[in-house]
S.K.: 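So that we are looking at the same thing, I have put the structure below in structure tokens.
So you know, we letter chains A, B, ... as the sequences are listed, proteins then strands, and number each from 1.
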2 protein chains.
Amino acid sequence: MSTHAIHSDALAQKLADSGLRNTPQREFVYDALLTKRDHPTADEVYARVKTQLPGISLATVYNCLETLVQCDLVRAVNFERAPTRYCPNLHPHAHFHDETTGATHDIELPASLLAEIKAVLPPGYNADVIELTFRGKLPATR
Amino acid sequence: MSTHAIHSDALAQKLADSGLRNTPQREFVYDALLTKRDHPTADEVYARVKTQLPGISLATVYNCLETLVQCDLVRAVNFERAPTRYCPNLHPHAHFHDETTGATHDIELPASLLAEIKAVLPPGYNADVIELTFRGKLPATR
DNA sequence: ATCCTTCTTTAGAATTATTCCAATTTCAAC
DNA sequence: GTTGAAATTGGAATAATTCTAAAGAAGGAT
Ligand SMILES: [Mn+2]
Ligand SMILES: [Mn+2]
Ligand SMILES: [Zn+2]
Ligand SMILES: [Zn+2]
């Protein structure tokens with residue numbers, strides 16, 4: 001089993017479900033997200049994958065990331081107008097953006113809180129997506 | 001009292017607090033947001049203010065909007081990577097983005113829910129800003 | 001195996017919201 | 001009235017992302 005194929009089972013499955021082909025580019029991009037789950041930007045994914053697939057293009061990284069998002073394997077995460085970041089955590093979760101380091105931390109969301117959040121919507125409002133974002137400074141000593 | 005001065009009291013106060021000058025451009029931009037509270041983009045604010053101040057520049061609209069945000073008179077609201085929208089509602093509230101019409105609706109947030117949301121953060125995580133966004137399709141009949 | 005079609009990747013150009021810049025204008029203080 | 005900071009302006013620059021057109025890979029049918 002090749003290194004980049006470690007996580008290819010779920011990927012191959014979801015791609016097949018969507019009628020899409022599996023490719024080395026898609027596997028390496030997905031693997032980059034799973035190997036270092038630090039919410040990298042497309043540029044950062046590009047830099048990481050290039051060490052293993054030197055011929056890959058930035059356009060392909062964007063294409064692959066969009067494919068992974070559409071297959072529900074990855075979430076796109078936006079803070080203000082900063083470059084989009086990518087997250088392979090499929091559990092319901094919020095994001096804490098540390099303004100000191102720029103790091104993004106996952107905050108797991110209990111189903112009970114999610115239910116209470118949905119309950120603030122007036123009748124007729126039906127949310128397909130809920131995004132919860134925190135911004136603040138974490139103490140330097142961690 | 002001139003039309004654009006209707007809302008100038010809070011503005012003049014906050015500008016003074018921040019050591020900034022009051023200007024017609026700032027007053028008209030703020031007034032555009034208060035008069036039609038539909039979360040316009042900078043371009044839309046520009047179009048609205050130009051009817052009253054034909055000489056205003058888009059750069060100035062951006063400058064004024066940023067000033068208003070820094071004075072805590074206006075919130076900048078982002079959905080995905082769409083152009084930033086501006087909201088003069090100072091109460092704690094979430095946003096519902098209607099994917100059918102593109103409209104943005106304010107969802108008032110009870111303090112109790114805000115407290116529960118903050119409570120999901122691990123010790124040491126202190127959030128200066130909390131953003132809650134819903135996305136979905138509203139029934140056409142409203 | 002070859003043909004055919006479709007999907008994917010690629011390099012580079014285009015797009016576009018926003019920011020930056022240098023020159024003018026405004027304005028408050030002295 | 002002079003002066004200096006602050007604000008505005010038009011246009012250039014920036015930068016993340018998307019688009020385009022051409023080349024490459026892959027799968028199914030024959
Ligand atoms: Mn990037
Ligand atoms: Mn706009
Ligand atoms: Zn995440
Ligand atoms: Zn709002």
S.K.: At less than 4.0 Å, is any side-chain N or O atom of A:Arg81 found next to OP1 or OP2 of C:dA17? Yes or no.
M.R.: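 No, no such contact exists.
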S.K.: Look at the side chain of A:Arg26 and the backbone N and O of A:Leu15, then say whether any donor-acceptor pair between them is shorter than 3.5 Å.
M.R.: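 The answer is no, because no donor-acceptor pair under 3.5 Å joins these two groups.
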S.K.: For C:dC7, take OP1 and OP2 only and decide whether either is under 4.0 Å from a side-chain N or O of A:Thr23.
M.R.: no
S.K.: Between C:dT10, D:dT8, C:dT18, spot the one nearest the side chain of B:Ala42, thanks.
M.R.: C:dT18
S.K.: A:Arg85 vs A:Glu44, test: salt bridge (charged side-chain N to carboxylate O under 4.0 Å, His left out). Steps then yes/no.
M.R.: CA-CA 9 Å; A:Arg85 298 178 168 277; A:Glu44 287 163 351; 3.7 Å; yes
S.K.: Let me spell it out: for each of B:Asn78 and A:Ile56, pick the nucleotide of DNA chain C with the closest heavy atom. Which residue's pick is nearer the 5' end?
M.R.: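 Per heavy-atom nearest nucleotide, the more 5' residue is A:Ile56.
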S.K.: Do you see a donor-acceptor pair shorter than 3.5 Å between the side chains of B:Glu108 and B:Asn89?
M.R.: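 Yes, side-chain donor-acceptor contact under 3.5 Å.
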S.K.: Measuring from the side chain of B:Ser57 (C-beta onward, heavy atoms only), which nucleotide among D:dT8, C:dT9, D:dG10 has the closest atom?
M.R.: D:dG10
S.K.: Taking protein heavy atoms under 4.0 Å as touching, what does nucleotides 21-30 of chain C look like 5' to 3' if B marks base contact, S marks sugar-phosphate-only contact and - marks none?
M.R.: -----BB---
S.K.: Nearest of C:dT19, D:dT17, D:dT9 to any side-chain atom of A:Leu58?
M.R.: D:dT17
S.K.: With respect to the side chain of B:Gln25, which nucleotide from D:dT9, D:dT17, C:dT9 is positioned closest?
M.R.: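 Among the listed nucleotides, the one closest to the side chain of B:Gln25 is D:dT9.
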S.K.: Is the distance between the ring centroids of B:His39 and B:His95 less than 6.0 Å?
M.R.: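 When the ring centroids of B:His39 and B:His95 are compared, they turn out to be within the sub-6.0 Å range.
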S.K.: For A:Gln13 and A:Asp9, what are the C-alpha separation, side-chain angles and deciding distance, and is it a side chain to side chain donor-acceptor pair (under 3.5 Å)?
M.R.: CA-CA 6 Å; A:Gln13 185 58 57; A:Asp9 292 353; over 6 Å; no
S.K.: If you look at every strand shown and take non-hydrogen atoms under 4.0 Å, does B:Thr60 touch a base, only sugar-phosphate, or nothing?
M.R.: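 Contact class for B:Thr60: base.
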